[in-house]
Every structure is written in structure tokens, then in C-alpha cells.
Amino acid sequence: MSNTYTQDTLVGFFVACGIAALFYMSLQVSNLSSYLDTSNTYTITASFENSGGLKVKSKVSVAGVTVGRVSAIKLDKTRYESIVEMQIDKQFNTLPTDTTASIFTAGLLGEQYISLEPGGSDEYLQDGDAIDITQSAIVLEEVIGQFLFKKASE
Amino acid sequence: MMQIFQYLGASTRSRFAKLGRATFFLLHSLPGLVDVLRRPSLFIRQIYSVGVLSFLLITVSGLFVGMVLALQGYYTLSDFGAEASLGVMIAASLVRELGPVVAALLFAGRAGSALSAEIGLMKTTEQLSGMEMMAVDPIRRVIFPRFLAGIFSMPLLAALFSAVGIMGGHMVGVGMLGVDDGSFWSQMQAGIDFYDDVINGFIKSLVFGFVVTWIALFEGYDAIPTSEGVSRATTRTVVNSAFSVLALDFILTALMFGDI
């Protein structure tokens, strides 16, 4: 009887370990946890002339520290601009209203992210506010094109 | 000349006949679900011999596979200055491919061969016929609990393999090679999607568990009841499982990750 009991315990241990591994993979390894906590964030939008290679879930940073994620990228049908919606963590709720949003690239081949540079205003951005001052993504082809054009005209 | 055609025809036909027998065998075992529900201890005992006894092999192998991936990945990625992507490389290869596939191959070697030999020997020593004499259906009573235990254990073993492999990769990558801890995890979380990667890997391991256990049990049941027949059946189990797992992996990968 005790033999069966030991066996049951070992089977229980095995199943618990397997389920723990599945949980570990869902929460620690994959991005499931970032789907879950949308409650303690607030939304701000910014419209860019060109959002380049920015993707949903790209990071939003202030001075290199990640403060949020891009949640949606849409096209403004009248002005043909890209409207980027981002979720900012509620603990960073003191961004001034004259904050600048720029799209930068991490390294030469890295992915693109939004960098926010706070201005000097006393008022803070609220949920649903829009950032007015933006700087578009640098499209490498355009830069090379301009460079060649300038060389040719010399 | 004629003999070649005769040989080819006969061997093709016997293969189809075997596949047919295997299908009937599978369908015949399904009513065993009732026996398992009535006596869960049958099922738990099989999880012990199929899953728990493979536990150590799977975790230790997973640890070493993760550690090797970290070493190899680091030397390639550091040429491009992309060491920070080590985490996502290790996790993607383990969760999508190596976890389910290598765990299934080890499972075929460890548990599949044991199942074949056990069933084959039961047949050789006429234990199965003995059960029939007592009006107990051996396919329902003996085969189905083992079958269910294989399907149940395989995803857990594959998940353990991947999780332990990622820990091993973290140990070597962050501990020995000095990759930044934060970017290791953050790149991994940004790169691995729950539905696309974790769930698809889980489905793969379920399919592999089904196929490996089916092959192992059928080969054992279909063995010629001699000691040589049992040894052949065990060999065939490992060989056929390895082929099926790798071929199915290609098909499943094309369906899940390819744009067909």
C-alpha cells in the first residue's frame, strides 16, 4: 500500500513540475504577462509624418528607461499621417504637455522605438491626450537619396 | 524481373495491411476510456512508468541542450554585436522546435522502447491471451491506460525540457558569458509570442506523444511472440518513432509557422 502511495506522490510531483514549466513558459518567457496588465496604464497619442518600421509592442522610453509600449498604429485618413497610440505606465504620470516624441532606431540594425523628451511645462499629459511636437522616423533610403542628390548638384 | 515486382507488391501490401491493423488497434482501444474512468489507478501507474521515470533524463538533457545553445549562439551573435538577442534565440529554438522534437526522440528511446518490450513480452508469455480467457479485453485494459499516459506525459515532458533548457541557457549566457540579464529576458519576452510559439509548441508535443505511444504500443502488440520478435519490435519502435516525429515536425512547422 505504501508503495502505491509513494508512486502517487511521485506522479503528483511530476504533473506539478510539468504544469509549473508551462506556467513558467507562459509568464516568464512569452509576452502573455504584457497582455494582462493594461489596467495600470494610460493612453497618449502622437501623430507622425512617417512612423517607419515602428510596430505594435515597440517600446516607449524616456531617457533610455522603458515607460510604456506602442498599442496601436493607425492612418489619419484626412492628413495622411500615422497616429501612434501608446500605453504609458501610470507611475510615470508626470510627463509635461510639451513633451517631444521622436522615433529612433536602437543600433544600426535594431528595432525602432519611441523616445519621449520632456519639456518644461507645468501641466502634465492626461489619459487620451495627444503629443503635438513629433519627429518622424529616419528612413534610410530617403537620407541616402538626399545625400546622392546633394553630391550630384555639387 | 517478375520477382522484383512481386517483392515490391507484397511488401507495399503488407505495409498497408499493417497500417490498417494499427488503425483498428487504435479504435479498438478507445472504449478503454470507461475502464480508466472507473479505475484511475491504472492510468496513474502508467504515468509513473512513462512520465516520472523519464523525468530525470528529460530535465538533464534539456539543461545541457540549453547550455550548448547559449555557447554556440553567443559565438555567432557576438560577431554582429547582437549578444542581447541570445535570450530570444535560445527560447525560440527551444519552445518551437527542440523542446517538442528532442523530448519526443528521448521519450521514444526511454518510454517507447520500454512499452514495446513490455507489451511484446506480455504477448510472448501469453499474459494477453490469459486475460482474454478471463473475459477481460487486453486492448482496453492494458493498452489504453498506457496510451493515455503517453499522450498526457509528453506535453509535460516537452514543457519541462524547454523550461529547464532556458534556465540552462540563462546560466551559461548570463552567468558565464556575461550577457546582460535584463536584455536577455526582455528581448525574450518581446520575441516570443504566447499563442504563436508556446501554444504551437504544446500542440506539437501532444501530436508527438500520440504518435510515439501509438507506434510503441502497436509494435509491441504486433510483435512475433518470440524473443527475437520482441527485440525487433523494440528496434522498429525507436526507428519508426524517430522518422515519424521528424517528418511530422516538418509538416506541423509548415502549417503553423509557414505562410501556406
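Below, chains carry the letters A, B, ... as their sequence lines are ordered, and counting in each starts from 1.
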Rounded to the nearest 0.5 angstrom, the CD-OG distance for A:Gln7 and B:Ser49 is 8.0 Å
CD1 (B:Ile47) and CG (A:Asp8) are apart, to the nearest 0.5 Å, by 10.0 Å
Only residue of A:Val11, A:Val15, A:Thr9 satisfying side chain to side chain contact (heavy atoms under 4.5 Å, CB included) with B:Val52 is A:Val11
Quick check: closest heavy atoms across B:Ala163 and A:Ala21, and the distance to 0.1 Å?
CB-CB, 3.8 Å
Decide if atom CD of B:Gln127 counts as having more than 12 heavy atoms of other residues, nucleotides or ligands within a radius under 6.0 Å.
yes
So, do A:Phe14 and B:Tyr48 sit near enough that their side-chain heavy atoms are less than 4.5 Å apart?
no
Which atoms form the tightest heavy-atom contact between A:Met25 and B:Ser162, and what is the distance?
SD-CB, 3.5 Å
Within 6.0 Å of CZ in A:Phe104, more than 12 heavy atoms from elsewhere:
yes
To the nearest 0.5 Å, what is the distance between CD1 on B:Ile58 and SG on A:Cys17?
13.0 Å
Under 4.5 Å from a heavy atom of chain A, the part of B:Thr59 involved:
neither
Between B:Phe161 and chain A, which part of the residue has a heavy atom less than 4.5 Å away: side chain, backbone, both or neither?
neither
Could you check B:Ile166 against A:Tyr24 for side chain to side chain contact (heavy atoms under 4.5 Å, CB included), going step by step and ending with a plain yes or no?
CA-CA 10 Å; B:Ile166 289 164; A:Tyr24 175 77; 4.2 Å; yes
What part of B:Phe80 gets closer than 4.5 Å to chain A, counting heavy atoms only: side chain, backbone, both or neither?
neither
Interatomic spacing from CG in A:Leu22 to CG in B:Leu160 - rounded to 0.5 Å:
8.0 Å
